[in-house]
Amino acid sequence: MMSPPVTAESTRMIELDAATSLHLLSTIEFGRLVFTLNAMPAIRPVNHLVDGGEILIRASLPARSVPYTAGVPMPEGTVVAYEADEIDAQHRSGWTVVVTGIATPVLDPARHRRSRPLLKSWVHQPEGALLVVQPQLITGYRLCDG
């Protein structure tokens, strides 16, 4: 017997707690970094790793398109958002997580070395900046039927 089609009327969005949201984020490695570039909002696809409650982001993009100003990494304390999701459009199910927090360039060579084998870029470019986002606000939602 076929199940009834999933419709907007049967789909619900359930808010997730911060721990569940971070856990879901740790199960994938790709998302979108939201930052300010030339006083305008900008979004870039990047790879990430959840590390002890922080989000490590490898920004392997051309310098002009990452959160840099004249080639200088973003100032410490820059507010950013990071969004990732896993959505099944056919079944109208999945989840989405947004982390808003303070981004800081990682300057510690030891942390760079530790993260390198775990945080691989999906694109072939020279290794870009390593940023750490310290979450201030974590929101997550699960889409589900009924």
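Not measured: the values here are computed from a predicted model.
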Chemist: Just to verify, what does Arg111 make a salt bridge (Lys or Arg N to Asp or Glu O under 4.0 Å) with, not counting sequence neighbours?
Modeler: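 Partners of Arg111 by the salt bridge (Lys or Arg N to Asp or Glu O under 4.0 Å) criterion, ordered by chain and then number, come out as Asp51, Glu54.
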Chemist: Spell out, yes or no, whether Val34 and Ile28 are grouped together once hydrophobic residues are joined by side-chain heavy atoms under 4.5 Å, including indirect joins.
Modeler: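 Shared cluster, no.
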Chemist: Output the distance between atom SG (Cys144) and atom CZ (Arg92), rounded to the nearest 0.5 Å.
Modeler: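 It is 13.5 Å, given to the nearest 0.5 Å.
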Chemist: Walk me through whether His112 and Leu130 qualify under side chain to side chain contact (heavy atoms under 4.5 Å, CB included).
Modeler: CA-CA 7 Å; His112 274 269; Leu130 182 62; 3.3 Å; yes
Chemist: Kindly compute the distance separating CG (Leu49) from CG (Leu25), expressed to the nearest 0.5 Å.
Modeler: 9.5 Å
Chemist: For the CD1 atom of Ile14 and the CZ atom of Arg142, what is their distance to the nearest 0.5 Å?
Modeler: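 Going from the CD1 atom of Ile14 to the CZ atom of Arg142 covers 8.0 Å.
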Chemist: For the residue pair Gly140 and Ser21, what are the closest heavy atoms and their distance?
Modeler: CA-OG, 3.3 Å
Chemist: What pair of heavy atoms forms the shortest contact from Val99 to Pro135, and how long is it?
Modeler: CG1-CB, 3.7 Å
Chemist: Tell me every residue that passes side chain to side chain contact (heavy atoms under 4.5 Å, CB included) with Ala110, counting only those two or more places apart in sequence or in another chain.
Modeler: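 Counting only residues at least two positions away or on another chain, Ala110 forms a side chain to side chain contact (heavy atoms under 4.5 Å, CB included) with Asp108, Arg113, Arg114.
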Chemist: Examine Val132 and Leu118 and state if one hydrophobic cluster contains both, with Ile, Leu, Val, Met, Phe, Trp and Tyr joined whenever side-chain heavy atoms are less than 4.5 Å apart.
Modeler: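 Yes: a chain of side-chain contacts under 4.5 Å links Val132 to Leu118.
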Chemist: The test is side chain to side chain contact (heavy atoms under 4.5 Å, CB included); show your working for Ile102 and Val79 and say whether it passes.
Modeler: CA-CA 5 Å; Ile102 308 300; Val79 176; 3.8 Å; yes
Chemist: Would Tyr82 and His48 satisfy ring pair (Phe, Tyr, Trp, His ring centres under 6.0 Å), going step by step from the backbone distance to the final call?
Modeler: CA-CA 9 Å; Tyr82 187 70; His48 76 268; 5.0 Å; yes
Chemist: Looking at residues at least two apart in the chain, or sitting in another chain, which of them share a side chain to side chain contact (heavy atoms under 4.5 Å, CB included) with Glu83?
Modeler: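 Listed in chain order: Arg32, Asp85, Thr96, Val98.
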Chemist: For Leu131 and Pro105, which heavy atoms make the closest approach, and how far apart are they?
Modeler: CD2-CA, 3.9 Å
Chemist: With the 4.5 Å side-chain cut-off for hydrophobic clustering, are Ile138 and Val50 part of the same group?
Modeler: yes
Chemist: Quick one: which of Thr139, Leu22, Leu24 gives a side-chain contact (heavy atoms from CB on, under 4.5 Å) with Leu16?
Modeler: Leu24
Chemist: Supply the atom-to-atom distance Tyr141 OH to Met13 CE, rounded to the nearest 0.5 angstrom.
Modeler: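 So the gap between those two atoms works out to 5.5 Å.
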Chemist: To check you understand the geometry: which heavy-atom pair defines the closest contact between Ala84 and Trp95, and what is its length?
Modeler: O-CZ3, 3.6 Å
Chemist: Find the distance between CZ (Arg44) and CG (Leu33) and round it off to the nearest 0.5 Å.
Modeler: 9.0 Å
Chemist: Would you say the side chain of Ile57 lies within less than 4.5 Å of the side chain of Asn47, judging by non-hydrogen atoms?
Modeler: no
Chemist: Which pair of non-hydrogen atoms, one from Val80 and one from Phe35, has the smallest distance, and what is that distance?
Modeler: CG1-CB, 4.1 Å
